[in-house]
Amino acid sequence: MASGMQVFLLLLWTANTPQGAGVQVFPPVNFTLTVSALAQVLIHWKPNPAQEQNNSTIRYDVKILSPVPEEYDTRRTHSVRTVALHNGFSACVRTLLLQEDLQMGSDWVKGNLPPLPGAAETSVTNLSCVTHITLPGNVSLHCTWLPGQGAPEDTEYFLFYRYGAHTEECHTYIKDKWSRNTECRFSSTQIQPGEIDNLIVIHINGSSKRAAIKPFQQLFNQNAIEKVNIPRNISISLEQNDLLATWEKPISPFHEECFEYEFYLINLKSGNKQILKISSNSFRLRIDVSSRYSIRIRANHNHICRARGLWSDWSEVVFVGKNKLDNSIAWILTLLCVSTSCTFLLVAIICKINLQKRTEPF
């Protein structure tokens, strides 16, 4: 009877024992962090050779600790991340063992990259960049910055941009009053105008005889810093009491439906100003035909094709309509000019006649 009870208890214990009990999960080995390009880190590790799979699935849990926290899991033993590295980088990884509905994790393995060397407050500040499509297929890049407060007057800054696998140094700088580089212009780049959400990496380092200049890196979303071109071939006309406006989309690889516009209308007679948002490239508006209007148009991307970037500059001002007050003033000024001219002419004739009389012999 006792033996039967022991068997029953053994079966009960086995049924209530977790399926993964007694299974060890070992952390990855050879965890390394390597800078593989500007602002790019290759995170690499190897499976622990002591790890038994036992019909289980092995994945890896990765945590980016700094500079921007992020967590994800992967089947691979490597990962690439694009991040600003001037203040260092740290991450950790662990093994995940998945056995049916049970998941077990190993201890974490951590690694870090130290901050880039250099004296405090010598890095550039207020970095700002703008791209611009100058011709179909060609993108320019313009960046500006301020010298660090702790940067000596002899500091020379040097800018590099990376787009995908392409890295290039700036060759056209604009200097401040101490002859320090504070602007860079690329008239042509490898940036592809039709791409969406790609990152542009900017890296600025420096040199000085008086201090070690700390490098600075910043990532820009390609959509966010593109300044759209001005709309083309703007045509403004009047049709009875309506103002008609048509134009062509800016120079861009995107189609017409990818743009939105702002229409800036000023009534020069009343001083009333309006900014109207337009989703197409034509517009009709009822106006006061006795007034004169100034009109400007600008463009931006809409949400249909990509995230909005920077508004274009305003187009040149176009004037339409007539202002009766302006016409009256112009008419009065014209009359004044004509009457003044006639007066001067009459005086000149009288002076000439008097002069002839004086010169005639008695």
Side-chain angles (χ1 to χ4, degrees), residues 130-142 187-188 191-197 221-338:
V130 175
T131 62
H132 192 78
I133 300 176
T134 55
L135 291 171
N138 183 57
V139 177
S140 66
L141 174 65
H142 178 212
S187 59
S188 180
I191 299 170
Q192 299 300 310
E195 296 296 325
I196 299 175
D197 291 329
N221 184 289
Q222 181 175 343
N223 300 351
I225 65 171
E226 180 183 333
K227 187 170 185 178
V228 178
N229 283 299
I230 298 172
R232 298 173 295 161
N233 297 331
I234 298 171
S235 175
I236 308 292
S237 61
L238 293 177
E239 185 178 290
Q240 296 181 352
N241 293 328
D242 289 346
L243 182 149
L244 304 179
T246 60
W247 57 88
E248 294 180 14
K249 76 176 183 71
I251 296 175
S252 170
F254 292 97
H255 299 295
E256 291 182 358
E257 62 270 17
C258 296
F259 294 91
E260 62 181 358
Y261 304 91
E262 285 190 342
F263 195 84
Y264 188 27
L265 184 71
I266 301 177
N267 186 321
L268 299 177
K269 180 180 179 181
S270 66
N272 184 47
K273 300 177 182 179
Q274 291 178 278
I275 295 182
L276 306 170
K277 292 190 178 296
I278 311 297
S279 58
S280 65
N281 59 347
S282 64
F283 184 59
R284 177 186 288 263
L285 178 69
R286 180 61 56 91
I287 62 169
D288 177 8
V289 292
S290 67
S291 297
R292 186 168 174 79
Y293 293 85
S294 70
I295 297 159
R296 290 186 294 173
I297 303 172
R298 66 177 183 174
N300 204 342
H301 293 117
N302 60 28
H303 66 279
I304 296 176
C305 301
R306 63 185 298 181
R308 177 181 290 175
L310 303 174
W311 282 96
S312 73
D313 291 330
W314 288 103
S315 65
E316 293 184 1
V317 178
V318 178
F319 295 97
V320 295
K322 296 180 180 181
N323 190 312
K324 292 183 178 180
L325 179 61
D326 290 344
N327 291 340
S328 300
I329 294 174
W331 177 247
I332 292 171
L333 290 175
T334 302
L335 288 177
L336 287 174
C337 290
V338 171

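A quick note: this is a predicted structure, and the numbers were derived from the prediction, not measured. For the single chain, residues carry numbers from 1 onward in sequence order.
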**Student:** Identify the two heavy atoms, one from Ile278 and one from Ser282, that lie closest to each other, and give their separation to 0.1 Å.
**Tutor:** CG2-O, 3.9 Å
**Student:** Please report the interatomic distance OH(Tyr293) to CG(Asn267), rounded to the nearest 0.5 Å.
**Tutor:** 4.0 Å
**Student:** As an exercise, state the distance from CD of Gln274 to CD1 of Ile287, rounded to the nearest 0.5 Å.
**Tutor:** 10.5 Å
**Student:** Using 0.5 Å steps for rounding, measure from the CG atom of Asn302 to the OG atom of Ser279.
**Tutor:** 8.5 Å
**Student:** Is any side-chain heavy atom of Val228 closer than 4.5 Å to one of Leu310?
**Tutor:** no
**Student:** Can you list the steps and then say if Ile133 with Glu226 is a side-chain contact (heavy atoms from CB on, under 4.5 Å)?
**Tutor:** CA-CA 8 Å; Ile133 300 176; Glu226 180 183 333; 3.5 Å; yes
**Student:** Are the side chain of Asn229 and the backbone of Leu135 linked by a donor-acceptor contact shorter than 3.5 Å?
**Tutor:** no
**Student:** Going through the checks in order, is the side-chain contact (heavy atoms from CB on, under 4.5 Å) test met by Lys227 and Ser312?
**Tutor:** CA-CA 6 Å; Lys227 187 170 185 178; Ser312 73; 5.5 Å; no
**Student:** As a quick check of understanding, evaluate side-chain hydrogen bond (donor to acceptor under 3.5 Å, both in side chains) for Asn272 and Ser270, giving each step before the final call.
**Tutor:** CA-CA 5 Å; Asn272 184 47; Ser270 66; 5.2 Å; no
**Student:** Looking at side-chain heavy atoms only, is the closest gap between Leu265 and Leu285 below 4.5 Å?
**Tutor:** yes
**Student:** If you define the side chain from C-beta out and look only at heavy atoms, does anything of Ser188 sit under 4.5 Å from Thr134?
**Tutor:** no
**Student:** Do the side chains of Ile295 and Val317 get nearer than 4.5 Å, heavy atoms only?
**Tutor:** no
**Student:** Would you call Glu262 and Arg296 a salt bridge, using N to O less than 4.0 angstrom?
**Tutor:** no
**Student:** Could you measure the distance from the CD1 atom of Ile297 to the OG atom of Ser315? Nearest 0.5 Å is fine.
**Tutor:** 5.5 Å
**Student:** Look at the aromatic rings of Phe254 and His301 and report parallel, tilted or perpendicular, splitting at 30° and 60°.
**Tutor:** perpendicular
**Student:** Which class fits the ring pair Tyr264 and Trp314: parallel under 30°, tilted 30 to 60°, perpendicular over 60°?
**Tutor:** tilted
**Student:** Does any non-hydrogen side-chain atom of Leu244 lie less than 4.5 Å from one of Leu238?
**Tutor:** no
**Student:** Using modelled atom types only, decide if a donor and an acceptor are shared between the side chain of Ser140 and the backbone of His132 within a distance under 3.5 Å.
**Tutor:** yes
**Student:** Is there a side-chain contact (heavy atoms from CB on, under 4.5 Å) between Asn223 and Ile196 once you walk through the steps?
**Tutor:** CA-CA 6 Å; Asn223 300 351; Ile196 299 175; 3.6 Å; yes
**Student:** Run the salt-bridge test on Asp197 and Arg306 with the 4.0 Å N-O cut-off and return the result as yes or no.
**Tutor:** no
**Student:** Does the side chain of Glu248 come under 3.5 Å of the side chain of Asn233 through a donor N or O and an acceptor N or O?
**Tutor:** yes
**Student:** Measure the spacing between CD1 of Ile236 and OG of Ser294 and express it to the nearest 0.5 Å.
**Tutor:** 11.0 Å
**Student:** If you define the side chain from C-beta out and look only at heavy atoms, does anything of Trp247 sit under 4.5 Å from Ser235?
**Tutor:** no
**Student:** Would you say Lys273 has more than 12 foreign heavy atoms packed within less than 6.0 Å of its NZ?
**Tutor:** no
**Student:** Give, for atom OG of Ser280 and atom CZ of Phe259, the distance between the pair rounded to the nearest 0.5 Å.
**Tutor:** 14.0 Å
**Student:** Report the C-alpha separation of Phe263 and Phe283 in whole Å, then their side-chain angles, then the decisive distance to 0.1 Å, and conclude whether the ring-ring contact (aromatic ring centres under 6.0 Å, His included) test is met.
**Tutor:** CA-CA 9 Å; Phe263 195 84; Phe283 184 59; 4.7 Å; yes
**Student:** Between the side chain of Arg286 and the main-chain N/O of Asp242, is any donor-acceptor distance below 3.5 Å?
**Tutor:** no
**Student:** Does the pair Glu256/Lys249 count as a salt bridge with the N-to-O cut at 4.0 Å?
**Tutor:** no
**Student:** A side-chain contact here means heavy atoms from C-beta on lying under 4.5 Å apart; do Glu195 and Gln222 qualify?
**Tutor:** yes
**Student:** Which heavy atom of Pro231 sits nearest to which heavy atom of Ala299, and what is that distance?
**Tutor:** CG-CB, 3.9 Å
**Student:** Starting from the C-alpha separation in whole Å, work towards a yes-or-no answer on side-chain contact (heavy atoms from CB on, under 4.5 Å) for His303 and Glu260.
**Tutor:** CA-CA 9 Å; His303 66 279; Glu260 62 181 358; over 6 Å; no
**Student:** Is the closest side-chain heavy-atom distance between Val139 and Leu141 below 4.5 Å?
**Tutor:** no
